[in-house]
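Read through the structure below, which is laid out as structure tokens, and then see the notes.
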Amino acid sequence: MQTLAIIPARGGSKGIPRKNVLPLGGVPLIAHTINAARAASRVDRVVVSTDDDEIAAVARRYGAEVVRRPAELASDTASSEAALLHTLDALREGEGYEPDLLVFLQCTSPLTAPEDIDGTIAALIDRDADSALAVTAFHYFLWGDDADGAHGVNHDKSVRLMRQQRTPEYIETGAVYVMKAKGFRAARHRFFGKTVLFDTPIERRLEIDEPADFRIAEERIARLTARAPGLPPRVSALVMDFDGVLTDDRVFVSETGEESVVCSRRDGMGIERLRAAGLPMLVISKETNPVVAARCRKLRLPYQHGIEGKLAVLQAWLAEHAIDPAETLYVGNDVNDLECMAAVGCAVAPQDAHPRALAAAALVLDADGGRGAIRLLADLLEAGGHLARG
């Protein structure tokens, strides 16, 4: 399967003149998206569609191919779809190239990560969809206002449900779109057929539209790439609880007594990247339900469940693998994790953990359990250079 990523980038930006080549974090804005696309494991080619000489030169310098588009396809009113179709036509006519999948990336979303791209592609493939897009969870109440007064848009104003009781909603990030190429040619629109979502971390949702967005992006880039406070310089292993860490700590019970839980695909991607980096990992859970084993097998995570005394299991596993407890992370969310949290070099907790677990943690993640906490931890470990190498 051939996957082509196209990054449309025109020269005539009105809100921020020349914004696509302005420096952000020491490199041109467009370079951030090019770098993410080239690092994505599921992308085969990266092409920038532009009408501008400077953008073309920058794109080539950072390793992208360039397709020049005519001025009429680079106006304020020209659609992104028109630029994508033009690029597909140019590659077909010039070299007979026909990709199977088309990835549309916005260069105004500089915080896009390779795993956001790979994850959106995987969502389309795994769910046999025609189109897919990157989103992030949306938990806010929207209001409308008219002559009759204010009214709830996505809620009934007379019923104030808690977040956990509401149907999940998502906001389009504007960063990543994936399409089956033949279907896109026929539909001439990015959303066609069966469309699926890939939930990405909220801290990476940012579009550069106003000058202030550059400052916000600079701050986020600095935070995401900084060494996280509390983490040891060298991390040799990750051990974690299951419920409340890899799930959101809820359980759904059917009328026949069957239980199911909610997990995050983002966390799965984080675990995949940590495994690829060679980090030993283990799940230790008190829960006896086979859902623990099923999810861990899916993630290719070693696990032990139905465990009452977690500390003994943790210590035996570390000894068996000759891993220094001082270089070990333990992620827990409740009081039965406290012994393990005290026995390692760094205790970590999701932000919605029990107060005693939060107090015991050297690092509290800016994400809930089962909603990207482990994905965020993986980001921090990779960006900060904490992972032990050999």
Side-chain angles (χ1 to χ4, degrees), residues 1-10 20 28-52 55-70 73-74 78-110 112-135 172-198 200 269:
M1 181 177 290
Q2 285 291 308
T3 301
L4 169 68
I6 300 178
I7 307 170
R10 62 191 185 91
N20 290 329
L29 175 63
I30 192 174
H32 291 275
T33 304
I34 294 172
N35 289 340
R38 295 187 67 215
S41 62
R42 293 176 180 263
V43 171
D44 300 298
R45 295 179 69 174
V46 181
V47 174
V48 169
S49 166
T50 188
D51 62 321
D52 185 87
I55 292 175
V58 169
R60 292 190 181 98
R61 187 162 77 245
Y62 283 89
E65 302 174 57
V66 173
V67 168
R68 300 302 293 260
R69 57 172 141 150
L73 296 182
S79 69
S80 297
E81 279 83 353
L84 299 176
L85 288 165
H86 173 264
T87 302
L88 288 174
D89 288 343
L91 294 175
R92 171 196 276 175
E93 295 166 7
E95 55 187 84
Y97 175 73
E98 291 278 5
D100 300 290
L101 295 182
L102 170 62
V103 181
F104 165 33
L105 301 174
Q106 301 262 44
C107 59
T108 50
S109 296
T112 302
E115 53 267 30
D116 299 335
I117 302 170
D118 284 334
T120 310
I121 296 171
L124 182 144
I125 295 171
D126 293 347
R127 298 181 62 186
D128 192 24
D130 301 292
S131 53
L133 68 150
V135 298
E172 187 176 332
T173 67
V176 185
Y177 306 87
V178 181
M179 298 145 270
K180 289 182 177 177
K182 288 183 179 178
F184 172 70
R185 279 190 175 281
R188 306 181 72 82
H189 192 272
R190 75 190 74 173
F191 302 123
F192 62 92
K194 178 182 177 181
T195 302
V196 295
L197 309 177
F198 180 68
T200 60
M269 181 64 71

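- The 12-atom threshold is not exceeded at NZ of Lys182, counting heavy atoms of other residues, nucleotides or ligands nearer than 6.0 Å.
- A heavy-atom distance below 4.5 Å is not found between the side chains of Val196 and Thr120.
- Considering NZ of Lys180 and CD1 of Ile125, their distance stands at 9.0 Å, rounded to 0.5 Å.
- Gln106 and Thr33 make their closest contact through O-OG1, 3.3 Å (heavy atoms, listed as atom of the first residue, atom of the second, distance).
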Walk me through it: do Phe198 and Ile121 pass the test side chain to side chain contact (heavy atoms under 4.5 Å, CB included)?
CA-CA 9 Å; Phe198 180 68; Ile121 296 171; over 6 Å; no
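- How far OG of Ser80 is from CG of Leu73: 11.0 Å, rounded to the nearest 0.5 Å.
- Atom OH of Tyr97 and atom CD of Gln2 lie 4.5 Å apart (nearest 0.5 Å).
- Residues Thr50 and Arg10 come closest through the heavy atom pair OG1-CA, 4.3 Å.
- The two residues Thr87 and Ser49 have their closest heavy-atom pair at OG1-CB, 3.4 Å.
- For the pair Arg190/Leu84, no side-chain contact is recorded, criterion being any heavy-atom separation below 4.5 Å from C-beta on.
- Heavy atoms only, all atoms of each residue included: Ala78 and Ala74 are closest at CB-N, 4.1 Å.
- We find the CG-CD1 distance between Leu105 and Ile6 to be 9.5 Å, quoted to the nearest 0.5 Å.
- Proximity of Leu101 to Leu4: side-chain heavy atoms (C-beta onward) are nowhere separated by under 4.5 Å.
- Atom CG in Asp130 sits 7.0 Å away from atom CG in Leu124 (nearest 0.5 Å).
- Judged purely by atom type and a 3.5 angstrom limit, Thr200 uses its side chain to pair as donor or acceptor with the backbone of Val135.
- Arg69 has no carboxylate O lying under 4.0 Å from a charged side-chain N of Asp89, or vice versa, which leaves the two without a salt bridge.
- In Arg68, the CZ atom is crowded: over 12 heavy atoms of neighbouring residues, nucleotides or ligands sit closer than 6.0 Å.
- In this structure, Glu65 and Val46 have side chains that are not in contact, with every pair of non-hydrogen atoms separated by 4.5 Å or more.
- Looking at Arg185 and Glu98, their side chains come closer than 4.5 Å, going by heavy atoms from C-beta outward.
- For the atom pair CG (Asn35) and CD1 (Ile30), the distance works out to 10.5 Å, reported to the nearest 0.5 Å.
- In this structure, Pro114 and Ala39 approach most closely via the heavy-atom pair CG-CB, 3.6 Å.
- Scanning both residues, Arg38 and Gly63, for their nearest heavy atoms gives NE-O, 3.6 Å.
- Side-chain contact between Asp100 and Met1: present, with at least one pair of heavy atoms (C-beta onward) separated by less than 4.5 Å.
- Using a 4.5 Å cut-off on side-chain heavy atoms (C-beta onward), Val66 and Val47 make no contact.
- Take Tyr177 and apply the ring pair (Phe, Tyr, Trp, His ring centres under 6.0 Å) test, not counting sequence neighbours, and it matches Phe104, Phe191.
- Here the side chains of Thr112 and Thr173 are not in contact, with every heavy-atom distance at 4.5 Å or above.
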